[in-house]
Undergrad: 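Once you've had a glance at the structure underneath, I'll fire off some questions.
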Amino acid sequence: MAVVSGSEQYVGLVLVSHSAEIANGLAGLVAQVAGADVPVTAAGGMPDGSFGCDGGEVLEAIRRAGNGAGAVVLMDLGSSVLAVRAALAELEPVELEHIVVVDAPLVEGAIAAGVTASTGADVDEVAEAAREARGVAKL
């Protein structure tokens, strides 16, 4: 799990992927566009370096990110979705109050959420920015 700086005043992001390289690379990209104040946590790959999703790492990432102003969780597909769902089932209700899981494209959603978080927006506004990224045309 990689954590790219951050401040508890800003909504954090948790980026979950089957690939550590994708999760960490995207976290770095989001940190560049959102700035160092937005906490970004990457969870991806298995402990042995293979592709997959380590449920314990995802749970730890969500727990860490949920402290402060809340967190928006984005994931790629398949077992990363299952790992996030399993992690949520392990959290206490008080922990869940500030966590929003978003069905959005991982890259575009993370960038939109990061930029919105950098403005000091609340967790619901950051989540909505990620969701809106689904409809943004590229051409």
Undergrad: Any side-chain heavy-atom pair from H18 and D76 closer than 4.5 angstrom?
TA: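 Heavy-atom side-chain distance check passes, below 4.5 Å.
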Undergrad: Are L96 and V101 in one and the same hydrophobic cluster, where Ile, Leu, Val, Met, Phe, Trp and Tyr link if side-chain heavy atoms are under 4.5 Å apart?
TA: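 Yes, L96 and V101 fall within the same hydrophobic cluster.
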Undergrad: So, for D54 and G56, which heavy atoms are closest and what is the spacing to 0.1 Å?
TA: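 In terms of heavy atoms, the two residues are closest at OD1-N, 3.0 Å.
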Undergrad: Could you tell me which non-hydrogen atom of G44 sits nearest to which non-hydrogen atom of A20, and how far apart they are?
TA: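 Here G44 and A20 meet closest at O-CB, 3.4 Å.
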Undergrad: Which value, rounded to the nearest 0.5 Å, describes the distance between L91 atom CG and L59 atom CG?
TA: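 If I round to the nearest 0.5 Å, the distance is 5.5 Å.
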Undergrad: Measuring only between side-chain heavy atoms, which start at C-beta, is V16 closer than 4.5 Å to C53?
TA: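 A side-chain contact exists here, since the closest heavy-atom pair is under 4.5 Å.
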Undergrad: When V107 is tested against each of L26, L15, V30 for side chain to side chain contact (heavy atoms under 4.5 Å, CB included), which residue passes?
TA: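 Between V107 and the candidates, side chain to side chain contact (heavy atoms under 4.5 Å, CB included) is satisfied uniquely by L26.
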Undergrad: Which pair of non-hydrogen atoms, one from A130 and one from A113, has the smallest distance, and what is that distance?
TA: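 Minimum heavy-atom contact is CB-CB, 4.0 Å.
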Undergrad: For E95 and E92, indicate whether the former's side chain and the latter's backbone hold a donor-acceptor pair under 3.5 Å.
TA: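 Checked: pair present.
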Undergrad: If only atom types and distance count, is the side chain of S79 paired as donor or acceptor with the main-chain N or O of L82 below 3.5 Å?
TA: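 Side chain of S79 to backbone of L82: no pair is present.
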Undergrad: Filter on salt bridge (charged side-chain N to carboxylate O under 4.0 Å, His left out), then keep only pairs touching residues 130-139, sequence neighbours left out; what's left?
TA: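 Every pair satisfying salt bridge (charged side-chain N to carboxylate O under 4.0 Å, His left out) with a residue in residues 130-139: D103-R134, E108-K138, E128-R131.
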Undergrad: Per the side chain to side chain contact (heavy atoms under 4.5 Å, CB included) rule, which among V72, V100, V38 passes with V11?
TA: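 Considering V72, V100, V38, a side chain to side chain contact (heavy atoms under 4.5 Å, CB included) with V11 is found only for V72.
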Undergrad: V126 and V33: same hydrophobic cluster, using ILVMFWY side-chain contacts below 4.5 Å?
TA: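 Yes.
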Undergrad: Return the OG1 to CZ distance between T41 and R63, rounded to the nearest 0.5 Å.
TA: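 CZ of R63 is found 14.0 Å from OG1 of T41.
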Undergrad: Assess the residue pair I111 and L29 against the criterion (side-chain contact (heavy atoms from CB on, under 4.5 Å)); give the C-alpha distance rounded to whole Å, side-chain angles, the decisive distance to 0.1 Å, and a yes or no.
TA: CA-CA 8 Å; I111 296 297; L29 178 61; 3.8 Å; yes
Undergrad: Measuring from atom OG of S80 to atom CG of L106, what distance do you get when rounded to the nearest 0.5 angstrom?
TA: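 If we round to the nearest 0.5 Å, S80:OG and L106:CG are 8.0 Å apart.
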Undergrad: Once side-chain contact (heavy atoms from CB on, under 4.5 Å) is applied, do any residues pair with E97, and if so which ones, sequence neighbours excluded?
TA: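 By the side-chain contact (heavy atoms from CB on, under 4.5 Å) rule, E97 matches V94.
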Undergrad: Sequence neighbours excluded and cut-off under 3.5 Å, please list the side-chain donor-acceptor pairs for residues 114-125, or say none.
TA:
unit_1, atom_1, unit_2, atom_2, d
T116, OG1, A112, O, 2.9
S118, OG, V115, O, 2.5
T119, OG1, T116, O, 2.6
D122, OD1, D124, N, 3.1
D122, OD1, E125, N, 2.9
E125, OE1, D122, N, 2.9

Undergrad: Mind checking whether L74 and V14 have side chains closer than 4.5 Å, heavy atoms only?
TA: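 No - every pair of side-chain heavy atoms lies 4.5 Å or more apart.
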Undergrad: Following the transitive rule for hydrophobic clusters with a side-chain heavy-atom cut-off under 4.5 Å over Ile, Leu, Val, Met, Phe, Trp and Tyr, establish whether M46 and M75 coincide in one cluster.
TA: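 Result: no, two separate clusters.
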